[in-house]
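Proteins come first, then strands; the chains are lettered A, B, ... in the order of their sequence lines, and each starts at number 1.
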2 protein chains.
Amino acid sequence: MLEQDRHGLAAALEQARKSYAEGGIPIGSTLYHSSIGPAPLDLDIALTHGTHGSSSELGKRLLLGAGHNQRVQKASATLHAEIAALEDAGRLHAEVYRQSTLYTTLSPCIMCTGAVLLYKIPRIVIGENVNFQGGEDLLRSHGVEIIVADDPECKELMAKFIKEKPEIWYEDIGLPSVQ
Amino acid sequence: MLEQDRHGLAAALEQARKSYAEGGIPIGSTLYHSSIGPAPLDLDIALTHGTHGSSSELGKRLLLGAGHNQRVQKASATLHAEIAALEDAGRLHAEVYRQSTLYTTLSPCIMCTGAVLLYKIPRIVIGENVNFQGGEDLLRSHGVEIIVADDPECKELMAKFIKEKPEIWYEDIGLPSVQ
Ligand SMILES: [Ca+2]
Ligand SMILES: [Ca+2]
Ligand SMILES: [Zn+2]
Ligand SMILES: [Zn+2]
């Protein structure tokens, strides 16, 4: 895995740990511009509507958005981690999404898969797909590049939560509590 | 079209008009429990996490959620009308979604299509799919019942907005402003 991808996924895992510490579902996500180095001038223009754009430490990529699942914290049915990261990024021009990479600690559900396809995000780095596998086939069929890190820390954190609060996890993926 | 479906779509159109009056994208959505008559006792239990459940006037169906596109109003990249309605409904048990109907003034994009599939909403009533056609084939392939109303008011309102502010509309569906 590329060094910048390790970094982007680590930032997503940090979001997941924050959510867990708050009693929430530990799934985190980040959206980075894919270019290394200072943001190109036209990206600054494209970001005029963005609310939180900031340069990241490592590799000087631009962090566009970051977030974690908010089901417990905000009683939210739609703020999955990936949606939260896209929401944090604010309004972006179509071109910016197409030059970005989405990081998520867990394989994206079909809603979040749809969000990636809506904005034509070309790359997604997935922490793990053992505890849950979402819309990877659909992403692949649309030409999205998928990197699965199979990260032990992502797997362990999610497995721990599912064991502790299975009913909240099932609710998050639209399944009845009694399986 | 069933009388309750006319009513559900009219409520979605009301949301769309509200958004237009605020300078926003005029797409609205509502989520109703599909049963006619008083909410069953187990639905009340299932709604314990819901934040806004209330009985509707006509047909006594339970209105679970309502909302409109918030791109302009909240600088939101993810609060499409359908997502806003689901968010308004709050946390619901899986069983409730599976007994509900989603109304939307415009054919749902792939993100909103994914949200319908995530929660296994079995029916969707679409105001029109002339100004935009989203993930109807994917919904159909998963067995979702689709009713397209081909409603003149929905069509007119959306066509007017696209003519007035094309760049905001393109942004909302992830397309560059210059087509
Ligand atoms: Ca941000
Ligand atoms: Ca509501
Ligand atoms: Zn998701
Ligand atoms: Zn949508």
(message) My understanding is that only one of Leu117(A), Thr78(A), Ile83(A) makes a side chain to side chain contact (heavy atoms under 4.5 Å, CB included) with Met111(B); could you say which?
(response)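 Single side chain to side chain contact (heavy atoms under 4.5 Å, CB included) partner of Met111(B) among Leu117(A), Thr78(A), Ile83(A): Ile83(A).
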I need the minimum non-hydrogen distance between [X] and [Y], along with the two atoms involved.
| X | Y | answer |
| --- | --- | --- |
| Gly114(A) | Ile110(B) | O-CG2, 3.3 Å |
| Leu175(A) | Lys120(B) | CD2-NZ, 4.4 Å |
| Ala94(B) | Pro176(A) | CB-N, 3.5 Å |
| His80(A) | Leu118(B) | CE1-CD2, 3.7 Å |
| Glu171(A) | Tyr119(B) | O-CE2, 3.9 Å |

(message) If I take atom CG from residue Leu79(B) and atom CD from residue Glu87(A), how far apart are they, to the nearest 0.5 angstrom?
(response) 5.0 Å
(message) Whether the side chain of Arg98(A) engages the backbone of Gly174(B) through a donor-acceptor N/O pair (distance < 3.5 Å, no angle test) should be reported.
(response) yes
Answer yes or no: does atom [atom1] of [X] have more than 12 heavy-atom neighbours from other residues, nucleotides or ligands under 6.0 Å?
| X | atom1 | result |
| --- | --- | --- |
| Lys74(A) | NZ | no |
| Glu156(B) | CD | no |
| Glu136(A) | CD | yes |
| Glu22(A) | CD | yes |

(request) Is it possible for you to say whether Val130(B) and Tyr103(B) belong to one hydrophobic cluster, with membership spreading through side-chain heavy-atom contacts below 4.5 Å? (result) no
(message) Let me check something: do Leu2(B) and Leu102(B) share a hydrophobic cluster, defined by ILVMFWY side-chain heavy atoms less than 4.5 Å apart, either directly or through other members?
(response) no
(message) Need one label for Thr113(A): side chain, backbone, both or neither, based on atoms under 4.5 Å from any heavy atom in chain B.
(response)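 Contact with chain B: none, neither part.
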